[in-house]
Amino acid sequence: MVSLCIVHTTLTATACGHNLIAIVGVAAAAGLKAAMKACNISGTVKLIGTPAEEGGGGKVILLNEGLYDDLDACGMAHPGGGYGPSPFTGSCPINGPATLARSGFEIEFHGRGAHAGAAPWMGINALDAAVQGYAAVSMLRQQLEPTMRVHGIILGSEKWAQNIIPSYAKVSYSTRALDVKACLELRRKTIECFKAAAASTGCSIEISAPDVEVYADVQNNKSLSLSYQAFMEETFGDKLEMTGMTTASTDYGNVTYKCPAFAPNFAIPSPTGSGNHTAGFAESAGKIEAHRLAMKVAKGLAVIAAKFLSDDDFAKEVKKEFRRFKRGAGESQSISTDGFEWV
């Protein structure tokens, strides 16, 4: 059985082209179904709609529920653009991580309210704790490796007034690194910054770091990726970058550890500076040319899926490559969170 993933999300202002991901998945599935009927190709195709890629771990939840258990291979595609001129029309990196692993968490600070003018000494300032932790994390960044990221925001302003010592504040953060083990270690260090801030201000804290918010690095199956590259180049003249990585993250990484999978990126026209997660990219992703490029990519995914279903030698090669990757992944690439105490 092969699967084609589509992504939809309700995250505020995600601006990441998830509408195009959905177009690619639906169009590829429809085209593959027609090809299977016309060419008498046997097999099963599963089209999986996956919400909450950016936060919430939709694919992680579906993995835990067994939705991917019967799959032999999986594919999806993601748009990008707005980063300046490039000789490439897309990418599908192999022989290493194509994205960073990512862990998301939230921390709530509880203090005590008081009149900021009449009796500030009676208060315990939760906002101070959040700001102090934010500053500590900013200092931590100086010692991080180039492939590590930590970023977040302070929340809770709906409960604040300028003449009241804030009794509540919240931070929402992500850490990223080359693999899950390094990502979780960075998460531990980041949380320690906020724990120290809570202790120094006298606040109590609540930490939420669920396993569904831990995303593995994407590991594109080499055989699937090279076959896709060859088809796109021969058919459309596309030039794909097959090395390097993006320092973004996706819950699809967890899928690539479950079964042979790949996730090519494709470029859409977008003004320089209007990359993913900007208003400019959201506008670009809604234009006709972006939709046309998504349909082209859908053809590529459909052809590779048909090849997998109809070519036994190719399917065996794909599965052999996946077994080789799993043997070589080892402990450093495990997506388990066991052994990381952060409370």
Within 45 degrees of the ring normal and closer than 6.0 Å to the centroid, is that where the cationic atom of Lys307 sits relative to Phe314?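 Yes, Lys307 lies over the aromatic ring of Phe314.
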Do any N or O atoms from the side chain of [X] and from the backbone of [Y] form a donor-acceptor pair under 3.5 angstrom?
X: Thr278; Y: Phe281; result: yes
X: Asn276; Y: Pro79; result: yes
X: Tyr68; Y: Cys74; result: no
X: Asn220; Y: Ala263; result: yes
X: Thr272; Y: Gly82; result: no
X: Thr256; Y: Gln219; result: yes
X: Asp179; Y: Ala101; result: no
X: Asn19; Y: Ala285; result: yes
X: Thr99; Y: Val218; result: yes

Side chains of [X] and [Y] only: does a donor on one sit below 3.5 Å from an acceptor on the other?
X: Arg141; Y: Ser138; answer: yes
X: Lys239; Y: Thr89; answer: no
X: Ser223; Y: Glu317; answer: yes
X: Arg187; Y: Thr175; answer: no
X: Arg112; Y: Ser167; answer: no
X: Glu213; Y: Ser103; answer: no

Is the [atom1] atom of [X] crowded by more than 12 outside heavy atoms at less than 6.0 Å?
X: Phe231; atom1: CZ; value: yes
X: Ile288; atom1: CD1; value: no
X: Glu145; atom1: CD; value: no
X: Glu65; atom1: CD; value: no
X: Met245; atom1: CE; value: yes
X: Gln142; atom1: CD; value: no

Discussion item. So Lys296 and His291, do their side chains get closer than 4.5 Å, heavy atoms only?
Written reply: no
How close do [X] and [Y] get, counting heavy atoms only, and between which atoms?
X: Ala129; Y: Ala197; result: O-CB, 3.3 Å
X: Leu301; Y: Pro264; result: CD2-CG, 4.2 Å
X: Gly244; Y: Pro93; result: O-CB, 3.1 Å
X: Thr147; Y: Leu178; result: OG1-CG, 3.6 Å
X: Tyr215; Y: Asp251; result: CD1-N, 3.4 Å
X: Gln143; Y: Met139; result: OE1-O, 3.5 Å

Notebook entry, point to check: How are the rings of Phe109 and Phe194 set to each other: parallel, tilted or perpendicular (split at 30° and 60°)?
Noted result: tilted
Please work out whether the ring planes of Phe105 and Tyr173 are parallel, tilted or perpendicular, with thresholds of 30° and 60°.
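Parallel, since the angle between the ring planes stays under 30°.
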Check against side chain to side chain contact (heavy atoms under 4.5 Å, CB included), Asn254 and Lys59 | CA-CA 8 Å; Asn254 300 54; Lys59 295 181 189 65; over 6 Å; no
| Evaluation steps, side chain to side chain contact (heavy atoms under 4.5 Å, CB included), between Ile304 and Leu224 | CA-CA 7 Å; Ile304 302 310; Leu224 290 171; 3.9 Å; yes
Any salt bridge between [X] and [Y], counting N to O under 4.0 Å?
X: Glu185; Y: Arg188; answer: yes
X: Asp69; Y: Lys258; answer: yes
X: Asp70; Y: Lys46; answer: yes

inquiry  = Would you say the rings of Phe325 and Tyr257 are close, in the sense that their centroids are separated by under 6.0 Å?
reply    = yes
Joining Ile, Leu, Val, Met, Phe, Trp and Tyr whenever any side-chain heavy atoms lie under 4.5 Å apart, the cluster holding Trp121 also takes in Met122
Q.
Could you walk me through whether Ser225 and Met242 satisfy the side chain to side chain contact (heavy atoms under 4.5 Å, CB included) test, starting with their C-alpha distance in whole Å, then the side-chain angles of each, then the deciding distance to 0.1 Å, before giving a yes or no?
A. CA-CA 8 Å; Ser225 300; Met242 305 301 287; 4.0 Å; yes
Going by side chain to side chain donor-acceptor pair (under 3.5 Å), Tyr168 matches just one of Lys159, Glu158, Glu108, His110. Which one?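 Running side chain to side chain donor-acceptor pair (under 3.5 Å) over Lys159, Glu158, Glu108, His110 with Tyr168 returns exactly one hit, Glu108.
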Exercise. Would Lys326 and Arg323 satisfy side chain to side chain contact (heavy atoms under 4.5 Å, CB included), going step by step from the backbone distance to the final call?
Worked result: CA-CA 5 Å; Lys326 291 290 285 184; Arg323 290 193 296 269; 5.7 Å; no
